[in-house]
Amino acid sequence: MNDRSHPTTRRLAAILHADVAGYSALMNSDEGATQAAVAQSMDRAREIVSAHGGRLVGTAGDAFLAEFPSVVEAVAAATEFQSAMADADPSASSGTPLSFRVGVNLGDVIADGDDIFGEGVNVAARVQTLAPPGGIAITRAVRDQLGKRLPVAFADGGAHSVKNISDPVRIYFARPPFTLQARPPPGRKYRRPLAFVAVFGAIFALGLATTALLDSFPGGRRTFDQSRAPTDSRPVVAILPFKDPANNAEEAYFANGVTEDVISHLGRFSELLVLSWNAVAPFADRPADIDALRKELKARYVIGGSIQRGREKLRLNVQLTDARDGILMWSRRYEAPIEDLFEVQDRITNAIAGSLAVGLNRIEQQRAFETPTEALDAYDLVLRGRSLIRRVERKANIEARKLFLAAAEKDPNYADAYASLAFTNVNDVSWGWSEWPTSALDKGIEYADRALALDERNVLAMTARSEILYLQGRLASSRAQCLRAVEINPNDAQARSTCGSVMIFSGDFQEGIRNLELSIRIDPESSSWTLTNLAVGYYLVGRFKDAADLLSAGARGFDEDPAPHAVLAAANARLGRMEAAQREVEKALRLYPFFDAAIFASNIGNEENSRKLLNGLRAAGFK
C-alpha cells in the first residue's frame, strides 16, 4: 500500500521493464523449479541494477521494473543482465533455464513514494513485449540519447501500435549474442586519459567511484599531458592540497578529500586542463612556491586555500593566483553550518568548482581579447569569440561567428569551436537577429551534432543543442538533452540555466527554480535570459516580491531584451506597485514596440499558467 503522505512528483527517467518469456508454460511444466529460477534471477537483477546506479522499483511474479537516471546505464544494465542469463548454468541452480525479454524507454514518470507510474512506464512495458526472447528492445528516444556510447548494435524494428498508447512506437532491438558495433576512430587530437582511481578513505568512496567512472569514458576529466603541450594551449590548473591552519594531523584526511573532490569537479570543464591529485600531492607538505609550480608542473594558474572545521561551522578560503607573475587574481570565502558533514562537503565543493571555472574562463577570455588576432591559436580564437558573444549585440555575434569559424579552420577536430558556432545561431533566433530562424536553428543543430561527433561528452554542445530544441518547441527533447549535460557536469552554469528554463516553461516550476538558482550561484554574472526565466518561475508560484527583487537589480542584456521588463512589470502589478509597473511597460515597449503580451505568455506550456502570466501583464498595462 502506497504511503500517500508523499506528494507525487514528475521526473524524466530511463525505465527498464523485464519479463520471462513463456512463463506460463514453464510454470505448468515445473512450478517449483521455475519459481526458484525466477527468484535467483531477481537477485541477480537487483545486483546489476544497483551496480549501474539504478533502482529496482519492484517485482511482480516473473517481471521486474527498474529506473535509472541515465539511458546509458539502463541499456548497459539490460545488456549485462541478458548476458548473465544467457551464461547461467541451469544445472548449478534450479535446472530451469529462463529467457527474459527486456524493454527500455526514456520518458516522464510520476513518482509516488517508492512507486513510479505514467506513460513512460507503460511504454517500457509494451516495448518489452516486442523484444526477442533473451534480447532487448529500446524506444527511439533511448536510441537517440544512446548514440554510440555503448558497443551494442541495435537494428531498426519499425513502428508498432501498442495497447493503450495513442501513437505508434518505433523500436530498435538487439538479439543475443550482442554484436559489437565498430567504434569510429577518435576525432579530437587530444588524447584521453586512462581510468584513474585513488583511494583515500571510505568517507570519499562514492565521490571517487564517480570520478573513476567519468575518467573511464571518452571525453572524461582531462589531465595535463606533457607530450601535447605544444598543441594544446588550454590553461593548466594546479589545485594545491588545502591547508588546515591549526595543523591538526587528524583533520588532514578531510582537507585532502575536499581538495580531491574540487579537482574532480573542476576537471569536468573541457576548457581547462586540471592536474590530477597525484601531480599536486607532493606539494602538500611544502611551502607554496608559485615559480616552482610553474616550472615543474607547467601550471598557468594555481589554486590554494585553507579549510577549518569547527564544532558548528565549516570555513574555506580559496585563492586563484596567476603562476606567470604571482598576482592574486581571485579569492572567495565559503562558510556553512555543519548539519550533515557529507552534505556540506558536497555542497561546498560543487560551489567552489563552479565558481572557479567561471572565474578562470572570464580571465582567459580577457587575456585572449588582448592578444593580436594573428597570434591566436584555435583555443584563443574561441575564447575571444566567447568574450564577444556575451555582449548581446548583433555585430558582436557576427564577429564571434567569424572567430569560431577561423578556429574550426585552424583545428577541424576542435569540438568547442563547433559548439560555440551553434550558440551564435541560438543568439540569432533568441534576439530576433535572423530573417530565417528555421534555417538558423537547423544550422545550429548541424554545428552541435558536429561537435558531439568529435567529443560525445561535450557539455557546451549538448547545452547548445538543448537550447535549439527549446526554441523549436521540442521541450521534452530539450529537457532530455540538458539533463544529460548536467549529468556529465553538474557545475556548468549554462547547462543548469538551460535545464531550469526548459523546466519552467514546461511547468516543472520547483525543479526549474532550483536549477536556475544554482546556475546563478555558480555564475553571479548571469544573463538576462537566466534571470528572466527564474523570475517567471517565481511569479508562477506566487513569489512576486522575489521576482521583482531579482529583476530590479538589472543584468547583462537588459538593455536589449524587453522580456525582463515585462515580467518585472507583471510582478510589480501583483504587488500593487502600479507606477513601477507602468515604467517597466514603457521600457519594454521602447525596446520592442511590437511586444505582444499574449504571445509572450503563450510560451508557458500549461494554459492555466499561461493565463496567470498574461493576467499579470495585462494588469501592468500591456494590451
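Side chains included, hydrogens not; waters and symmetry mates left out as well; all remaining heavy atoms used.
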Novice: For the OH atom of Tyr539 and the CG atom of Leu550, what is their distance to the nearest 0.5 Å?
Specialist: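 Between Tyr539 OH and Leu550 CG, I get 15.5 Å after rounding to 0.5 Å.
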Novice: Kindly compute the distance separating CZ (Arg465) from SG (Cys482), expressed to the nearest 0.5 Å.
Specialist: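 Here the rounded value is 12.5 Å.
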Novice: Against Leu65, only a single residue in Leu56, Leu16, Ile116, Thr59 fulfils side-chain contact (heavy atoms from CB on, under 4.5 Å); can you say which?
Specialist: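 When Leu56, Leu16, Ile116, Thr59 are each tested with Leu65, the side-chain contact (heavy atoms from CB on, under 4.5 Å) holds only for Ile116.
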Novice: Is a salt bridge present between Arg484 and Glu487, judged by a nitrogen-to-oxygen distance below 4.0 Å?
Specialist: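 Looking at Glu487 together with Arg484, the answer is yes, because their closest N to O distance falls below 4.0 Å.
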Novice: Mind running side-chain contact (heavy atoms from CB on, under 4.5 Å) on Gln510 and Val541 for me, showing each step along the way?
Specialist: CA-CA 9 Å; Gln510 297 304 331; Val541 296; 3.8 Å; yes
Novice: Looking only at atom types and distance, does a side-chain atom of Ser466 sit under 3.5 Å from a main-chain N or O of Met462, one as donor and one as acceptor?
Specialist: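 Absent.
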Novice: Work out which heavy atom in Asp156 is nearest to a heavy atom in Arg170; give both atom names and the distance.
Specialist: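 The answer is OD2-NH2, 2.8 Å.
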Novice: Could you state the interatomic distance from CG (Asp492) to CG (Leu460), rounded to the nearest 0.5 Å?
Specialist: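 The CG atom of Asp492 sits 7.5 Å away from the CG atom of Leu460.
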Novice: Should Leu475 and Tyr470 count as side-chain neighbours, where that means a heavy-atom distance under 4.5 Å?
Specialist: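 They are in side-chain contact.
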Novice: Sub-3.5 Å donor-acceptor pair from the side chain of Asp19 to the main-chain atoms of Arg101, do we have one?
Specialist: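 A pair under 3.5 Å: no.
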Novice: More than 12 foreign heavy atoms under 6.0 Å from CZ of Arg140: is that the case here?
Specialist: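 No, the 6.0 Å shell around CZ holds no more than 12 heavy atoms from other groups.
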Novice: Side chains of Arg543 and Ile513: does their closest heavy-atom pair fall under 4.5 Å?
Specialist: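 Yes, close enough: below the 4.5 Å cut-off.
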Novice: Assess the residue pair Val152 and Val75 against the criterion (side-chain contact (heavy atoms from CB on, under 4.5 Å)); give the C-alpha distance rounded to whole Å, side-chain angles, the decisive distance to 0.1 Å, and a yes or no.
Specialist: CA-CA 9 Å; Val152 180; Val75 176; 5.6 Å; no
Novice: Minimum heavy-atom separation for Ile504 and Phe509, please, with both atom names.
Specialist: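 Looking at all heavy atoms of both residues, the closest pair is O-CE2, 3.3 Å.
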Novice: Between Met503 and Arg479, which heavy-atom pair has the shortest distance, and what is it?
Specialist: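 Scanning both residues completely, I find the closest heavy atoms to be CG-NH1, 3.8 Å.
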Novice: Are Glu467 and Phe423 packed together at the side-chain level, in the sense that at least one heavy-atom pair is separated by less than 4.5 angstrom?
Specialist: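 In short, these two side chains touch, coming nearer than 4.5 Å.
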Novice: I'd like to know if the side chain of Ser83 and the backbone of Thr79 have a donor-acceptor N/O pair within less than 3.5 Å.
Specialist: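 At least one qualifying donor-acceptor pair exists.
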Novice: Less than 4.0 angstrom from a charged side-chain N to a carboxylate O is my criterion; do Asp416 and Arg386 meet it?
Specialist: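 Looking at Asp416 and Arg386, the cut-off is met.
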Novice: Can you confirm whether Val426 sits close enough to Ile468 that some side-chain heavy atom of one is under 4.5 Å from a side-chain heavy atom of the other?
Specialist: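 Sidechains of Ile468 and Val426: in contact.
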Novice: Please report the shortest heavy-atom distance between Pro133 and Ala21, naming the atom on each side.
Specialist: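 Where Pro133 meets Ala21 most closely, the heavy atoms are CB-CB, 4.2 Å.
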Novice: Got a donor-acceptor contact below 3.5 angstrom from the Ser430 side chain to the Asn427 backbone?
Specialist: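 Not confirmed, Ser430 side chain does not pair with Asn427 backbone.
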Novice: Side-chain contact test, heavy atoms from C-beta onward, threshold under 4.5 Å: evaluate it for Arg496 versus Val486 and give yes or no.
Specialist: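 Side-chain contact under 4.5 Å: yes.
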Novice: Side chains of Leu12 and Glu511: does their closest heavy-atom pair fall under 4.5 Å?
Specialist: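 Counting from C-beta outward, Leu12 and Glu511 never come under 4.5 Å.
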Novice: Write down the atom of Thr530, the atom of Ser497, and the distance for their closest heavy-atom approach.
Specialist: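 Closest pair (atom of Thr530, atom of Ser497, distance): OG1-OG, 2.6 Å.
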Novice: How about Asn105 and Val127: do any of their side-chain heavy atoms sit closer than 4.5 Å?
Specialist: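 They are not in contact (no side-chain heavy atoms under 4.5 Å apart), so the answer is no.
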Novice: Going from OG on Ser99 to OH on Tyr23, what distance comes out if it is rounded to the nearest 0.5 angstrom?
Specialist: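 So the OG of Ser99 and the OH of Tyr23 are separated by 15.0 Å.
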Novice: Examine distances only and state if a side-chain atom of Thr463 and a backbone atom of Val459 form a donor-acceptor pair shorter than 3.5 Å.
Specialist: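 Yes, Thr463 side chain to Val459 backbone: donor-acceptor pair under 3.5 Å.
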Novice: Is the closest side-chain heavy-atom distance between Phe154 and Leu146 below 4.5 Å?
Specialist: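 Contact flag for Phe154/Leu146 side chains = yes.
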Novice: Would you say the side-chain atoms of Gln128 pair up with the backbone N or O of Ala18, donor to acceptor, closer than 3.5 Å?
Specialist: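 No, Gln128 side chain to Ala18 backbone: no donor-acceptor pair under 3.5 Å.
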Novice: Looking only at heavy atoms, which two atoms of Ala563 and Phe600 are closest? And how far apart?
Specialist: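 Distance-wise, the nearest heavy atoms are CB-CE1, 3.8 Å.
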Novice: Check the orientation of Phe100 and Phe81. Use parallel for under 30°, tilted for 30 to 60°, and perpendicular for over 60°.
Specialist: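 Because their plane-to-plane angle is over 60°, the rings of Phe100 and Phe81 count as perpendicular.
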Novice: Could you give me the CA-CA distance, side-chain angles and deciding distance for Glu608 and Arg611, then say whether salt bridge (Lys or Arg N to Asp or Glu O under 4.0 Å) is met?
Specialist: CA-CA 5 Å; Glu608 179 185 351; Arg611 187 167 54 252; 5.8 Å; no
Novice: Counting distance only, does the side-chain N/O of Thr139 pair as donor-acceptor with the main-chain N or O of Ile171 below 3.5 Å?
Specialist: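 Flag not set: sc Thr139 to bb Ile171 has no pair under 3.5 Å.
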Novice: For Leu421, does its backbone N or O pair with a side-chain atom of Thr424 as donor and acceptor, under 3.5 Å?
Specialist: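 Checking the backbone N and O of Leu421 against the side chain of Thr424, a donor-acceptor pair under 3.5 Å is found.
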Novice: Is the side chain of Thr129 donor-acceptor paired with the backbone N or O of Arg126 at a distance under 3.5 Å, no angle test?
Specialist: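 Pair found, side chain donor or acceptor close to backbone of Arg126.
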Novice: Let me confirm one number: the CG-OH distance from Asn458 to Tyr418, rounded to the nearest 0.5 Å.
Specialist: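 That separation rounds to 12.5 Å.
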Novice: Applying side-chain contact (heavy atoms from CB on, under 4.5 Å) to Asp114 and Arg55, what does each step give before you reach the verdict?
Specialist: CA-CA 10 Å; Asp114 291 333; Arg55 180 177 72 91; 4.0 Å; yes
Novice: Of all residues at least two apart in sequence or in a different chain, which pass the salt bridge (Lys or Arg N to Asp or Glu O under 4.0 Å) check with Asp144?
Specialist: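 Counting only residues at least two positions away or on another chain, Asp144 forms no salt bridge (Lys or Arg N to Asp or Glu O under 4.0 Å).
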Novice: At what distance, to the nearest 0.5 angstrom, does CD of Gln472 lie from CG of Leu441?
Specialist: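 The distance works out to 5.0 Å.
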Novice: Kindly say whether Met85 contributes a backbone atom to a donor-acceptor pair with the side chain of Arg44 at under 3.5 angstrom?
Specialist: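 It does not hold such a pair.
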Novice: For Leu516 and Ser501, what are the C-alpha separation, side-chain angles and deciding distance, and is it a side-chain contact (heavy atoms from CB on, under 4.5 Å)?
Specialist: CA-CA 7 Å; Leu516 286 164; Ser501 299; 3.7 Å; yes
Novice: Looking only at the aromatic ring of each residue, does the gap between the centers of Phe544 and Tyr538 stay below 6.0 angstrom?
Specialist: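 Between Phe544 and Tyr538, which both carry aromatic rings, the centre distance is not below 6.0 Å.
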Novice: Is the shortest distance from a Lys or Arg side-chain nitrogen in Asp508 or Arg11 to a carboxylate oxygen in the other one below 4.0 Å?
Specialist: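 No.
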